[in-house]
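Following: one structure in structure tokens, then a few remarks.
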Amino acid sequence: MKKSIIVLSALALVASLGACKPKKSTYRQVYEKAKQREIAQNQSSSQAPDTNESDIIISKPAQSSVQIRRERLMVSEGEDANRLNQYCVVIGSFQNRTNALSLKERMEEAGFKAVLAENEHGMIRVIAASFSNREDAISSREQIKERFAPQFQDAWLLERDAR
């Protein structure tokens, strides 16, 4: 009787510990973010000698300072180039096109006209909104951050480089 109680207790313990295991998709998401940070760091360190002060623009509206990153962008295959203006609100960057498409679809379901664009280093940017002036882009970014908190707290602004 005592042996069966011990065996059942051990099985219950093993089952409960096994149920707490995180899903592989969680690991995949963390891996993707770490890989993107690594690529961004490598890009910034390799571009450091060529970078000039005009690559990062700091604007100081009444609320807070906003950094705007400047990149050369091309719309991804199958996207409407007319929906991509000078200032873009970027909510995600991916190497994997499937992940970018998934986020784009989620934003379209939420009522946004999201666009996928690719920079010269192969990163696919998910752009939630695009504007011809900086103030509208800043305002939109803040609205997205508030509406989707805490998901897109790292949303950032990108200015299309015309070089």
Taking the side chain as every heavy atom from C-beta outward, state whether [X] and [Y] have any pair of such atoms under 4.5 Å apart.
X      : Y      : value
Glu146 : Phe152 : no
Tyr87  : Ile68  : yes
Leu157 : Val89  : yes
Leu103 : Ile91  : yes
Leu73  : Leu158 : yes

Is there a path from [X] to [Y] through hydrophobic residues (I, L, V, M, F, W, Y) whose side chains come within less than 4.5 Å of each other?
X      : Y     : answer
Leu116 : Leu84 : no
Val90  : Val75 : yes
Phe112 : Phe94 : yes

More than 12 heavy atoms from other groups under 6.0 Å of CD on Glu77: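 No.
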
salt_bridge(Lys104, Glu79) N-O dist < 4.0 Å: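 Answer for the salt bridge query: yes.
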
Salt-bridge present (Arg125, Glu71; N to O < 4.0 Å):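 Salt bridge present between Arg125 and Glu71.
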
Tell me, please, which residues at least two apart from [X] pass side-chain contact (heavy atoms from CB on, under 4.5 Å).
X      : result
Asn133 : Glu135, Asp136
Asn85  : Ser130
Gln151 : Arg106, Phe148

Contact summary for Ala110 and Arg147, nearest pair of heavy atoms: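 Closest heavy-atom pair between Ala110 and Arg147: O-NH2, 3.0 Å.
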
Straight-line distance of Met107 CE to Glu109 CD, nearest 0.5 Å: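 Reported value, rounded in 0.5 Å steps: 11.0 Å.
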
CD1-CD distance between Ile124 and Gln95, expressed to the nearest 0.5 angstrom: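 Reported to 0.5 Å precision, the distance equals 9.0 Å.
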
Partners passing salt bridge (charged side-chain N to carboxylate O under 4.0 Å, His left out) against Glu118 (at least two apart in sequence or in another chain):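 With neighbours one apart ignored, the set is empty.
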
Counterpart residues, salt bridge (charged side-chain N to carboxylate O under 4.0 Å, His left out), relative to Glu105 (two or more places apart):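 Glu105: no salt bridge (charged side-chain N to carboxylate O under 4.0 Å, His left out) contacts found.
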
Within 45° cone and under 6.0 Å: Arg69 NZ/CZ vs Trp156 ring: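 Yes, cation above the ring, under 6.0 Å and within 45°.
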
Salt bridge (charged side-chain N to carboxylate O under 4.0 Å, His left out): pairs with one or both residues in residues 80-97, sequence neighbours excluded: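 Listed by first then second residue: nothing to list.
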
Donor-acceptor contact below 3.5 Å, side chain Ser102 vs main chain Thr98: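 Looks like no, no N/O pair under 3.5 Å.
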
